[in-house]
Amino acid sequence: MLLLGAALLSRRVTRRARRRQRVLTGLSLTTLWVFSLEPVADLLWRALEEAAPRTYQRGGSYDAVVLLGGVVDASSATRTSLQLNDNVERLLATYDLLRSGEARVAVLSGGSIVAGEDAPSEAAMLARQLEDWGIERHRVVLEREARNTRENAVFVDRIVRERGLRRVVVVTSAFHM
């Protein structure tokens, strides 16, 4: 609508057409504004998340819980300081599954997000946090190379197969999937 209104504005037109142009342009800008409001965006996100299928079975026993990257805020994390973003619930869900004994081990996937050759991977940073919360180090398997969701899937699949992990639950968001 916005493009149509703008295109019509650039042409010589009648008064009636000019009015139509202004209405279309106004409606377009109003639509953009409404969908940029946080409550509207939250409703849209909620609808996406609620529609996603869930395969997790409460009280089940999993060989592994897989936590895909995208939890650490790359813009403010440093080598020694962990800053989490809005996806922190992924880490909390992983912790709950380990703490409750529903999962034996966690496979954490995520490569470097902090600049520098010796920078820790996102997986290593998240593992340190789980250890700080009381999860034993031997229960955490790291995949430190993935830079995107596809690589998360490929590299974690390799680890899961090599270790013979049969019952696996993936912790992520519908948006990430």
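Quick note: numbers below take in every heavy atom, side chains included, and nothing from hydrogens, waters or symmetry partners.
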Problem set entry | Candidate pair Leu67 and Leu91, rule side chain to side chain contact (heavy atoms under 4.5 Å, CB included), full reasoning | CA-CA 7 Å; Leu67 173 59; Leu91 179 61; 3.9 Å; yes

For this session: Please step through salt bridge (charged side-chain N to carboxylate O under 4.0 Å, His left out) for the pair Asp42 and Arg46, ending with a clear verdict.
Result: CA-CA 6 Å; Asp42 288 345; Arg46 192 171 306 121; 5.5 Å; no

For this session: Apply side chain to side chain contact (heavy atoms under 4.5 Å, CB included) to Val66 and Leu68, showing your working.
Result: CA-CA 6 Å; Val66 174; Leu68 303 179; 3.9 Å; yes

Exercise. Can you list the steps and then say if Asp63 with Arg104 is a salt bridge (charged side-chain N to carboxylate O under 4.0 Å, His left out)?
Worked result: CA-CA 5 Å; Asp63 293 329; Arg104 284 189 304 113; 3.6 Å; yes

For this session: Assess whether salt bridge (charged side-chain N to carboxylate O under 4.0 Å, His left out) is satisfied between Glu136 and Arg139, documenting all intermediate values.
Result: CA-CA 6 Å; Glu136 302 90 350; Arg139 294 182 67 198; 3.4 Å; yes

For this session: Evaluate the criterion side chain to side chain contact (heavy atoms under 4.5 Å, CB included) for residue pair Leu165 and Tyr62; output intermediate values, then yes/no.
Result: CA-CA 9 Å; Leu165 303 171; Tyr62 293 95; over 6 Å; no

For this session: Please step through side chain to side chain contact (heavy atoms under 4.5 Å, CB included) for the pair Val23 and Arg20, ending with a clear verdict.
Result: CA-CA 5 Å; Val23 168; Arg20 205 174 287 144; 5.7 Å; no

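Leu130 places a side-chain heavy atom less than 4.5 Å from the side chain of Leu98. A 4.5 Å side-chain heavy-atom check between Val105 and Val140 finds every atom pair outside the cut-off. Counting heavy atoms from C-beta outward, Leu108 and Glu143 have side chains that stay 4.5 Å or more apart. Residues Trp133 and Leu92 have side chains in contact (heavy-atom distance under 4.5 Å, counting atoms from C-beta outward). Considering only heavy atoms from C-beta on, Arg18 stays 4.5 Å or farther from Thr14 through its side chain.
Leu43 and Val34 fall into different hydrophobic clusters, where Ile, Leu, Val, Met, Phe, Trp and Tyr residues are linked whenever their side-chain heavy atoms come under 4.5 Å apart, directly or through other members. No single ILVMFWY cluster, assembled from side-chain heavy atoms under 4.5 Å apart, contains both Phe155 and Val168. Connection of Trp33 to Val40 is established within a shared hydrophobic cluster, with ILVMFWY side chains joined at heavy-atom distances below 4.5 Å, either directly or through further cluster members.
Distance check, rounded to the nearest 0.5 Å: CG of Leu97 to CZ of Arg58 gives 8.5 Å. Rounding to the nearest 0.5 Å places CZ of Arg90 at 3.5 Å from OG1 of Thr172. The structure places CG of Asn152 at 12.0 Å from CD of Glu145, a figure rounded to the nearest 0.5 Å. With rounding to the nearest 0.5 angstrom, the CG atom of Leu32 is 11.0 Å from the CG atom of Leu37.
The shortest heavy-atom contact between Ser109 and Val156 is CB-CG2, 3.5 Å.
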